[in-house]
Amino acid sequence: MAVHDDLEVSAALEGMRPGAIDAALVALSLACAGIYLVKGVGFVLDDWYWLRNAALDGAWHAAGSTGGDRPVGALVYIALFGGIGMHPGVIVTVLALVNGATAVLLRRLFVRLFSPSVGLVAAGLWLVLPLRTSLEIWMSTGTAALAQLLAVGGLLLLAAKEISWRRAAIALGLIVLGVLSYESVGVLAIPVALAIRWAMSRRVELRLMSAIVVVPAVALGWAFTHRLGGRHAIGGIRNPVPVLDANFGAGIAPGEVLAAVTLCAAVVGSVVVARAALRDGKIRPAAAALAIGWVIAVGGVAPYLTYFYSPYGAGDRLNMLSAFGAVLVWAGLFVTLAHWRPQVAYAALTVLVVLGLGARLDRSEHWSRAGLDGGRVVADIVAEHPEPDRPIMVGPERIIVENVATFYDHSNIDAALQLAYGTRAVTGVLSYSEEEFESMDPDEFILYDQRPLSTLDELADR
């Protein structure tokens, strides 16, 4: 098999206008969001908390007490839930624009580090594959979506052979703002920034590299020392394998067989490329992207090893760092395969995109049902009990599919009902089991069965 240089594969992309490519990526992000918007959009989970705060306490109080460790994140909540408020479709569109802008910067970063073909494929897959749908659909993750944009922007500024201290200061400032929006981006940004400076300059820039470590680390220290309770699970280390499966297997392919095939394709393909690179004695850009992608995909799990969600649905924000590595792995594989067997590479890429879009459609359905269910349930409770004289227990148990739910805990239903009634005097409680629900005294609680109005219940995996 003859292996050609990446520049030959990238020649067609070199002739395309960067602005046109960037516009296409933004349009792709909007199209992915459009799938959810067409199905129907609504508020879920923590969204109710921010909305309740903004409605009852004023827009500037939308973030509640969460601004201590994420002050920039607090501004995001103020803007989305205090500024835009009860217009979920608008908020989802804003998130799509943010993710589209991140894809644009990501492509430009990967072009500088690898090649135009790797950059385009990786950025496109980052948008299409449902690796982190919560950052596109769940409005409460706007902090993480912004953090990604800021961090990638900072890394892009550092990706030059020579940079001024002014440019470096702006780059580090963006990374710090990202950390203060959603702190885990700093865990990846620091080592990647160091690697970028080494790759660009081929020397140890002691002062700059020290600043790259110290400045974001200070922000991380702030986030850690000021974090709220509940950010991490108590006790134990979580199994990181599901996060990798979410990026290469079950997260992008339906059914156990197809998931196993995609996972094996990623692993076996990587081994084949590695052997070819060792045999040729030359590491080409696509092979380098693949190797670095695996490091990021595995290392990106680290900040979430004590987190308590599985990496699907609302929990797929655990994939946000690993996803950057996953798309590099896929891009490296397809660009390398295109050197050897172009038609096979394009066919394989098409299959992956089709599988990914299928999984995206499925998850968009979950999110849509959960959001629309919430509006129906709350409206029905208010209609049935216009002046509640005791706490309202909603049950008989949580309805949750792949970590997607309308209400996951007491704070969700409590905030949703207080928002609907326009007062904090109302108390909402969520029942976690049918036994608990049936054992409650109706003189102490208004018992409300959510199942007749919940279409997510048809898919429930309890």
Side-chain angles (χ1 to χ4, degrees), residues 6-7 10 18 72 101-116 118-119 122-123 126 146-224 277 281-303 320-325 327-329 331-332:
D6 283 300
L7 293 179
S10 300
V72 176
T102 303
V104 168
L105 299 183
L106 200 62
R107 184 193 71 82
R108 295 183 180 185
L109 177 62
F110 290 160
V111 166
R112 291 187 186 181
L113 298 177
F114 305 110
S115 71
V118 169
W126 189 78
L146 178 64
Q148 288 184 151
L149 176 64
L150 293 168
V152 173
L155 294 174
L156 180 59
L157 287 176
L158 292 173
K161 288 187 176 181
E162 299 290 340
I163 62 173
S164 65
W165 274 103
R166 179 176 178 273
R167 183 186 179 106
I170 295 174
L172 292 178
L174 290 174
I175 293 173
V176 166
L177 291 175
V179 170
L180 296 178
S181 185
Y182 199 80
E183 63 277 2
S184 64
V185 296
V187 179
L188 179 63
I190 292 174
V192 170
L194 291 173
I196 287 173
R197 288 312 309 151
W198 170 257
M200 292 291 109
S201 65
R202 296 295 180 181
R203 66 180 189 274
V204 177
E205 301 166 309
L206 187 57
R207 288 191 299 171
L208 177 55
M209 289 184 170
S210 297
I212 286 173
V213 173
V214 172
V215 175
V218 171
L220 278 171
W222 172 274
F224 181 80
K282 180 180 180 181
I283 300 178
R284 291 173 171 80
L290 189 153
I292 293 170
W294 276 113
V295 173
I296 294 174
V298 174
V301 178
M320 63 177 285
L321 302 181
S322 294
F324 290 120
V327 295
L328 274 179
V329 170

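Just so it is clear, the structure is predicted and the values come from calculations on it, not from any experiment. Atoms considered below: every heavy atom in the structure, side chains included; atoms not considered: hydrogens, waters and symmetry mates.
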| With sequence neighbours excluded, what pairs up with Val111 under the side-chain contact (heavy atoms from CB on, under 4.5 Å) test? | Arg107, Pro116

| note | Closest non-hydrogen atoms of Phe110 and Ala122, given as atom of the first, atom of the second and distance, are CD1-CB, 3.6 Å

| request: Sequence neighbours left out, what passes side chain to side chain donor-acceptor pair (under 3.5 Å) with Ser322? Give chain and number order. | output: none

| Sequence neighbours excluded, which residues qualify as side-chain contact (heavy atoms from CB on, under 4.5 Å) partners of Ala189? | Ile175

Do any side-chain atoms of residues 149-169 form donor-acceptor pairs under 3.5 angstrom with protein atoms, and if so which ones, sequence neighbours left out?
from: Ser164; atom 1: OG; to: Arg167; atom 2: N; distance (Å): 3.1
from: Arg167; atom 1: NE; to: Leu157; atom 2: O; distance (Å): 2.5
from: Arg167; atom 1: NH2; to: Leu157; atom 2: O; distance (Å): 3.3

| note | Smallest heavy-atom separation, Val329 atom then Gly293 atom, equals CG2-C, 3.5 Å

| request: Please report the shortest heavy-atom distance between Leu328 and Ile296, naming the atom on each side. | output: CD1-CD1, 4.3 Å

| said: For Gly299 versus Pro303, what's the shortest heavy-atom pair and its separation? | reply: O-CD, 4.1 Å

| request: Just grab all the salt bridge (charged side-chain N to carboxylate O under 4.0 Å, His left out) pairs involving residues 286-299, residues at least two apart or on different chains. | output: none

| message | Going by salt bridge (charged side-chain N to carboxylate O under 4.0 Å, His left out), name the pairs with one or both residues in residues 148-158, residues two or more places apart or in two chains. | response | none

| message | Considering only residues two or more places apart or on different chains, which pairs with a residue in residues 172-182 satisfy salt bridge (charged side-chain N to carboxylate O under 4.0 Å, His left out)? | response | none

| note | Tightest non-hydrogen contact, residues Ala289 and Val118, listed as CB-CG1, 3.8 Å

Under 3.5 Å, side-chain donor or acceptor atoms of residues 204-215 against the rest of the protein: list the pairs with distances, not counting sequence neighbours.
from: Glu205; atom 1: OE1; to: Arg197; atom 2: NE; distance (Å): 2.9
from: Glu205; atom 1: OE1; to: Arg197; atom 2: NH2; distance (Å): 3.4
from: Glu205; atom 1: OE2; to: Arg197; atom 2: NH2; distance (Å): 2.9
from: Ser210; atom 1: OG; to: Leu206; atom 2: O; distance (Å): 2.7

| said: Do Ile292 and Leu113 make a side-chain contact, defined as non-hydrogen atoms from C-beta onward lying under 4.5 Å apart? | reply: no

| task | For Tyr182, enumerate each residue passing the ring pair (Phe, Tyr, Trp, His ring centres under 6.0 Å) test, keeping only those at least two apart in sequence or located in another chain. | result | none

| Tell me, which pairs form a side chain to side chain donor-acceptor pair (under 3.5 Å) where one or both residues lie in residues 285-294, sequence neighbours left out? | Ser270-Trp294

| request: Run the numbers on Phe324 and Val192 for side-chain contact (heavy atoms from CB on, under 4.5 Å), then give the verdict. | output: CA-CA 11 Å; Phe324 290 120; Val192 170; over 6 Å; no

| Considering residues at least two apart in sequence or located in another chain, which fulfil the side chain to side chain donor-acceptor pair (under 3.5 Å) criterion with Arg112? | none

